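First the structure, in the form of structure tokens, and then the observations on it.
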Amino acid sequence: MELQHFSHKHPLVFIEKQNHESEKAYCSGCGELVSGSSFSCVECGYYLDKLCAEAPSEINHPFHCNHSLKLQVIPPFRNICDFCDKGLDKFVYHCSCDLNLHIKCALLSKSIAEKGFGKLDDIPHKEALVSIENFSEELKGAKCFACWQRLLDFAYLDLGHGIFLHKKCVDLPTEINHFLHSQHSLILQFNSKPLPCQMCKKTQLKGFVYRCSPCELALHITCAELPTKINHLCHRNHPLFLKFDPESLPCQICQNTQDEGLVYCCSICKFKLHIDCASPPPIIKGKIHEHPFTLFWKQLPFICDACGTTGNCASYTCYKCSLTIHGNCISLPPIIKFPRHRHPLSHTFILGQYEMKTLICEACPEKAQHGVYCCSDCNYVVHADCAQEYSWFSFYELEDMDEDLNEKSAFAVIKVSKLGEDIVIASEIKHLNHQHNLVLSNDSEGHKVCDGCMLSISTLFYCCSQCEFFLHKSCAEAPKKKKLWFHRHQSPLTLTSNHIFRCPRCFFWFNASFAYKCNICKSYRCLACALISDTPTFQGHKHRLYRYDKYEGQCNGCGDQLHAAYVCKDCKFAVHNRCLRLPSKILHEYDEHPLILTYHEDNLYSEYTYCDICEETRNPNHWFYHCAICNTSAHRECVVKRHSYMKLGGSYRMRSHPHRLTFTKKISACHVCHQPCLDLSLECLKNGCDYIVHLECITWQSFNYSFIEREDEGAS
């Protein structure tokens, strides 16, 4: 018997029983080892098992009733099977609506659909066990092909080829009527076009859903099975009804609010439970602890042993260790990377086992008494919930990264000098961000500004003998690459210069300073912000400060309300980043002398508490700038503005103007708003062209100046 199959140019000969050659042959239709009857081309060594050879070229599938499925030899571009979620590399049944099935997955699911789920009685059931520790990793991660929920939560059937079905899903009806969509019946279908579920508002990418094709509406199987009325141990007085939550009340178990979707609630008592919280799994095994946790239904307040915060219902307990924790805390990782500490932090339920010298959290001012993350080598402790504030950060493993990353210098040493017998200092260097050599100096004459951080120079610095270029010694020593503890991409940022950007940390604009550039998100951080640690010293306060991500109080610098701050542990002193970042000395056009940042008012008479720039009153308790020679004082915001660190001059190109431009401050009519330019502007350098424009008028919609390009020699 011969078969002319569309997938092969030669006739295929029927082989009823395996011979020596076919025992080692693989089917070109499904990729499996040939067993039993098959068709083959002796000349080409081409084999198809009987099921694949006789498969129809087109089928109508009950679980995809909109279109027919056509058999293809070559898989489509999206090569994942929508039934078993495995890769496609052989024959595939394909629909133009992007449904793709392995040939045997299509035929198996079609057979199940036509016979009904209930006709699988001949397949033995495997009962779910209390402990899943002995199961293979494949089964631990497997899902039911129907409801697409975790397989080992319920008894299941193994259909072979890595395809599993919950025993409870065997009796699924293929058609239902639901109160959320009374117009039409909902049909059980492949989830070929993922839609958000009308109940939970989440989108399931695989498995089956109940769907109304004309209305493009879907319900997850698990959501469709939910009862509309329940009696619950957490609310014994009244039944709870499944309905939309118009008041956005917090769930009584997890304490979180849900913006949309259905919840179980009692309108009389204003009581609400999320659907997931109403029926949590009875046993959960997580990596945070060696034993599984068992659900404990009791409406009693407790303190979670994993995170240290309170709960009032539905805790999970390890009876062997007497631990009680939130259900969500079971999924906490046992080891984390924390951007504010160089070593990984380990979770512990009992901090005393490490004999820590401190019990104060490094991220907030509270004492750590329950489960925390810690580094025992460094006596470093962080609350679990404080550590989770950084869980959205991205960490990257780099082959060439070592712990001395911050020590890689951005300059080459040309000459060295000795200070005493033991101290050697670089007296001449070549920095990667400047074209000439720089010489160490302590010349205090005149007012100099560092070209790295744009702040005044009052300590040792490097200078260029060929041009007006100055660098603080500390700025010159900034490493070539640096990881910033406050940046979400925990990959080294690269030191660069001469870019126009607004620092998202301090909100000031720069055009000629040093900066660290993130190679992932392409954003910049100014050098001054990049060099501030999470435990900085500050000349306006005698003690070291600590960064607290959760802090309620007022800023000592400006009086603003704080939600995160740099805080002194020893006294009630707190400032936010913008005040901490203020320059201690700055030149301003209003005064011929440098203005000094002053932290308190010595003379409290009311006539002295005015700003000499804006002539408005100032709060004597807030920091201000002062010139002792001229006896002038000014608000911080009147002296340090968003463009205060922008350098005048330079040569730039802008897409909307044909000539070169330069930064200037000149009172002329702006070509965009036609008002006088009182702040930073761009002026045309071409003789005879009177083009001038406010910087604000061309950047008010933008957070960067990417449309302005620098032409200066040496720009990087």
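What you are looking at is a predicted structure, and each value in this text was computed from that prediction instead of being measured. Positions are given from 1 along the sequence.
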* Between F508 and R642, is there a cation-pi geometry (under 6.0 Å to ring centre, at most 45° from the normal)? -> no
* To do: Flag the pair H588 / Y625 as yes when their ring centroid distance falls below 6.0 Å, and as no otherwise.
  => no
* Structure fact -> Here the pair of heavy atoms bringing H563 nearest to E552 is ND1-OE2, 3.4 Å
* Begin from the C-alpha positions of F338 and Y390 and carry the test ring-ring contact (aromatic ring centres under 6.0 Å, His included) through to its verdict. => CA-CA 7 Å; F338 191 60; Y390 293 86; 5.1 Å; yes
* Check ion pair D570-K542 (N to O, under 4.0 angstrom) -> no
* Asked: Is the NZ atom of K641 crowded by more than 12 outside heavy atoms at less than 6.0 Å?
  -> no
* side chain to side chain contact (heavy atoms under 4.5 Å, CB included) with K481: which of L493, L495, T494? -> T494
* To do: For the pair H383 (side chain) and K367 (backbone), establish whether a donor and an acceptor sit closer than 3.5 Å, ignoring hydrogens and angles.
  => yes
* **Aromatic centroids of F538 and W623 separated by under 6.0 Å** => yes
* To do: Taking only Lys NZ, Arg NE, NH1 and NH2, and the carboxylate oxygens of Asp or Glu, determine whether D549 and R340 approach each other closer than 4.0 Å.
  => yes
* How are the rings of H657 and Y691 set relative to one another: parallel (under 30°), tilted (30 to 60°) or perpendicular (over 60°)? -> parallel
* Asked: For the side chain of D612 and the backbone of T632, is there at least one donor-acceptor N/O pair under 3.5 Å apart?
  -> no
* Asked: Taking the side chain from T662 and the backbone from G649, do they hold a donor-acceptor pair closer than 3.5 Å?
  -> yes
* Straight-line distance of H576 NE2 to R581 CZ, nearest 0.5 Å -> 13.5 Å
* Asked: Does G308 offer a backbone N or O that forms a donor-acceptor pair with the side chain of H370 under 3.5 Å?
  -> no
* Can you tell me if E362 uses its side chain to pair, donor with acceptor, with the backbone of Y546 under 3.5 Å? -> no
* To do: State whether a side-chain donor-acceptor pair under 3.5 Å links S456 with H447.
  => yes
* For the residue pair H643 and W509, categorise the inter-ring angle as parallel (less than 30°), tilted (30 to 60°) or perpendicular (more than 60°). => tilted
* **Rounded distance [0.5 Å steps], CG in L661 versus OG in S681** => 11.0 Å
* Determine, stepwise, if the pair S651 / R660 fulfils side chain to side chain donor-acceptor pair (under 3.5 Å). => CA-CA 6 Å; S651 178; R660 292 181 299 116; 3.2 Å; yes
* For a side-chain hydrogen bond (donor to acceptor under 3.5 Å, both in side chains) with H487, tell me which candidate from K482, R505, R525 qualifies. => R525
* Is it true that atom CD of Q561 has more than 12 heavy atoms of other residues, nucleotides or ligands lying nearer than 6.0 Å? -> yes
* Take S491 and K483 through the test side chain to side chain contact (heavy atoms under 4.5 Å, CB included) and record every step on the way to the result. => CA-CA 6 Å; S491 177; K483 286 173 67 177; over 6 Å; no
* What are the two closest heavy atoms between G650 and L685, and how far apart are they? -> O-CD1, 4.3 Å
* Could you grab the distance from atom SG of C529 to atom CG of L484, nearest 0.5 Å is fine? => 10.0 Å
* Considering residues, nucleotides and ligands other than K569, do more than 12 of their heavy atoms fall under 6.0 Å from its NZ? -> yes
* Would you confirm whether the ring centroid of H431 sits within less than 6.0 angstrom of the ring centroid of F514? => yes
* Given N511 and Y652, is the side chain to side chain donor-acceptor pair (under 3.5 Å) satisfied, shown in steps? -> CA-CA 11 Å; N511 67 335; Y652 299 85; 3.1 Å; yes
* Answer with yes or no after comparing the ring centroid distance for F470 and H472 against a 6.0 Å cut-off, counting only values under it. => no
* T598 side-chain N/O to I596 backbone N/O, donor-acceptor pair under 3.5 Å -> yes
* **Geometric cation-pi criterion R547 and Y566, 6.0 Å radius, 45° cone** => yes
* For atom CD1 of I350, is the number of surrounding heavy atoms from other residues, nucleotides or ligands below 6.0 Å larger than 12? -> no
* Among V449, V640, L455, find the one that has a side chain to side chain contact (heavy atoms under 4.5 Å, CB included) with I586. => V640
* Please report the C-alpha distance between D385 and K550 in whole Å, then the side-chain angles of each, then the deciding distance to 0.1 Å, and finally whether the salt bridge (Lys or Arg N to Asp or Glu O under 4.0 Å) criterion is met. => CA-CA 11 Å; D385 58 331; K550 298 177 182 177; 3.4 Å; yes
* More than 12 heavy atoms of other residues, nucleotides or ligands under 6.0 Å from NZ of K430: is that the case? -> yes
